[in-house]
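Notes for the one structure printed next.
When a residue number appears, it is its place in the shown sequence, counting from 1. All heavy atoms count here, side chains included; hydrogens, waters and symmetry mates do not.
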Amino acid sequence: MSTKSSPRAPRRSRAASPSRRERATDHRAAGSPAAPTFKPIHTRRTFEEICERIREQLALGVLKPGDKLPAERELAQQLGVSRNVLREALRSLEMAGVLRLQKGVKGGAFIQQGDTRRMNEVMRDMLSLGTISVRELSEARVHVLDLVVQLACANARRADLDALEANIERTELATKEGRLLDRVECSREFYKLLAASTGNKVIAMIVDSVTEIHMRFVYAKVASSGVAMARLAEKRRQFLAALSERNVDLASRLLRSHLESVQRMLEQDPGAMSLHVALADVQPGMRR
């Protein structure tokens, strides 16, 4: 018995059908928007989630500096994670300056007090990585200190002015006794006291960070050459007099003039302004 085959629709030639790539090209050529593309989703690692949970408790005020976290076993159970993952998170928070991990019978994980030195380390890392330059750092310091003078003229208390006066006396004594490296340490303290007199902790942290690195350059210059700024104590007293009188214009002008003189002194010796000086382990006030 013969079987009749059912009629089939004519097969379209593949050659006549444009490929997907060709259709996409034609689509773009016609002026239509390109098809959206999506990046893969990356799930946050467990230890990062633990860090975020602890930081949330800090932000809410549930945890405060000095508080002790629950014991490791209990905290791991509450979070539903392994103790190894928890330890990784705690070490990360310790490195960030949020926690202090203490061993022993009375040990544990304690919430740290705020430490401005963490910001100093970040600034040094940014220099090391090339994110910021020495020139940018010096320029920023001048402008930030302009703001500091304005706020200090408005907010400095008698105790702040007295502290600056005592610092100038120590500077004068160190100069007379030829202790020039100790005088560098006095300069570092002077800017710290001046920043604190603004009453603004954020500005004080910024000044402390840029000053800490800048003083490394000054320290290296003085240590290698024995050269130091002349009449420093006298200039400091002129500045303090203007600050005490709340004369913003004069105080700003005096301080900026001094900063420019220090910068010129450093730039005379390219080695003193090199990056390796800023990243060296030598701290102001410490002997090589």
Side-chain angles (χ1 to χ4, degrees), residues 134-135 137-154 156-198 204 207-208 210-274 277-278 282-288:
V134 174
R135 180 178 293 277
L137 189 73
S138 299
E139 183 181 8
R141 183 169 183 258
V142 171
H143 291 299
V144 169
L145 284 172
D146 271 341
L147 176 60
V148 166
V149 170
Q150 294 176 37
L151 291 174
C153 282
R157 303 163 300 174
R158 185 70 255 170
D160 296 318
L161 301 175
D162 290 343
L164 288 167
E165 175 61 34
N167 173 273
I168 294 171
E169 290 175 359
R170 289 193 296 274
T171 300
E172 189 171 43
L173 179 61
T175 303
K176 289 179 178 178
E177 296 179 351
R179 295 182 286 107
L180 298 183
L181 294 179
D182 288 340
R183 200 179 78 157
V184 174
E185 175 62 19
C186 287
S187 291
R188 186 197 66 79
E189 183 191 46
F190 177 84
Y191 292 107
K192 190 179 185 72
L193 292 171
L194 178 61
S197 72
T198 65
V207 172
D208 186 46
V210 296
T211 297
E212 187 68 28
I213 295 177
H214 185 80
M215 284 301 154
R216 291 170 179 267
F217 299 132
V218 177
Y219 185 94
K221 174 67 175 179
V222 174
S224 63
S225 66
V227 175
M229 293 299 299
R231 301 170 42 240
L232 179 60
E234 179 185 342
K235 293 177 181 178
R236 290 272 196 261
R237 284 205 167 88
Q238 291 173 354
F239 169 78
L240 182 57
L243 187 67
S244 301
E245 294 169 2
R246 316 293 174 174
N247 189 331
V248 177
D249 291 338
L250 180 57
S252 296
R253 190 162 62 250
L254 289 170
L255 185 57
R256 183 177 278 264
S257 175
H258 171 70
L259 295 175
E260 290 172 351
S261 297
V262 173
Q263 190 67 19
R264 284 194 298 271
M265 180 190 75
L266 292 173
E267 289 177 349
Q268 291 173 358
D269 179 9
M273 290 296 288
S274 64
V277 170
V282 178
Q283 298 283 346
M286 294 175 60
R287 300 296 189 270
R288 290 181 184 273

Which donor-acceptor pairs under 3.5 Å do side chains of residues 140-150 form with protein atoms, sequence neighbours excluded?
from   : atom 1 : to     : atom 2 : distance (Å)
Arg141 : NH1    : His214 : NE2    : 3.3
Asp146 : OD2    : Arg256 : NE     : 3.4
Asp146 : OD2    : Arg256 : NH2    : 2.3

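- Judged by distance alone, the side chain of Thr198 and the main-chain N or O of Leu194 form no donor-acceptor pair under 3.5 Å.
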Which donor-acceptor pairs under 3.5 Å do the side chains of residues 243-254 make with protein atoms, sequence neighbours left out?
from   : atom 1 : to     : atom 2 : distance (Å)
Ser244 : OG     : Leu240 : O      : 2.8
Arg246 : NH1    : Ala152 : O      : 3.4
Arg246 : NH1    : Cys153 : O      : 3.0
Arg246 : NH1    : Ala156 : O      : 3.1
Arg246 : NH2    : Ala156 : O      : 2.8
Asn247 : OD1    : Leu250 : N      : 3.1
Ser252 : OG     : Val248 : O      : 2.9

Evaluation steps, side-chain contact (heavy atoms from CB on, under 4.5 Å), between Leu232 and Arg236: CA-CA 6 Å; Leu232 179 60; Arg236 290 272 196 261; 3.7 Å; yes
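- Residue pairs that meet the side-chain hydrogen bond (donor to acceptor under 3.5 Å, both in side chains) test with at least one member in residues 163-172, sequence neighbours left out, are Asn167-Glu189, Arg170-Glu189, Glu172-Arg237.
- Rounding to the nearest 0.5 Å places CZ of Arg216 at 11.0 Å from CZ of Arg188.
- When side chains are defined from C-beta on, His258 does not count as touching Phe239, because their heavy atoms never get closer than 4.5 Å.
- Remark: Ser138 OG to Glu260 CD distance equals 12.0 Å, nearest 0.5 Å.
- The side-chain hydrogen bond (donor to acceptor under 3.5 Å, both in side chains) search around Glu234 returns Arg231, not counting sequence neighbours.
- Taken from CZ in Phe217 to CG in Leu266, the straight-line distance is 8.0 Å, to the nearest 0.5 Å.
- Legend: residues meeting side-chain contact (heavy atoms from CB on, under 4.5 Å) with Ala163, ordered by chain and number and at least two apart, are Leu193.
- A 4.5 Å side-chain heavy-atom check between Thr211 and Phe190 finds every atom pair outside the cut-off.
- Considering only residues two or more places apart in sequence or on other chains, Arg135 meets the side-chain contact (heavy atoms from CB on, under 4.5 Å) condition with Ser133.
- When all heavy atoms of Val207 and Tyr191 are compared, the closest pair comes out as CG1-O, 3.9 Å.
- Atom CZ of Arg157 is surrounded by 12 or fewer heavy atoms from other residues, nucleotides or ligands within 6.0 Å.
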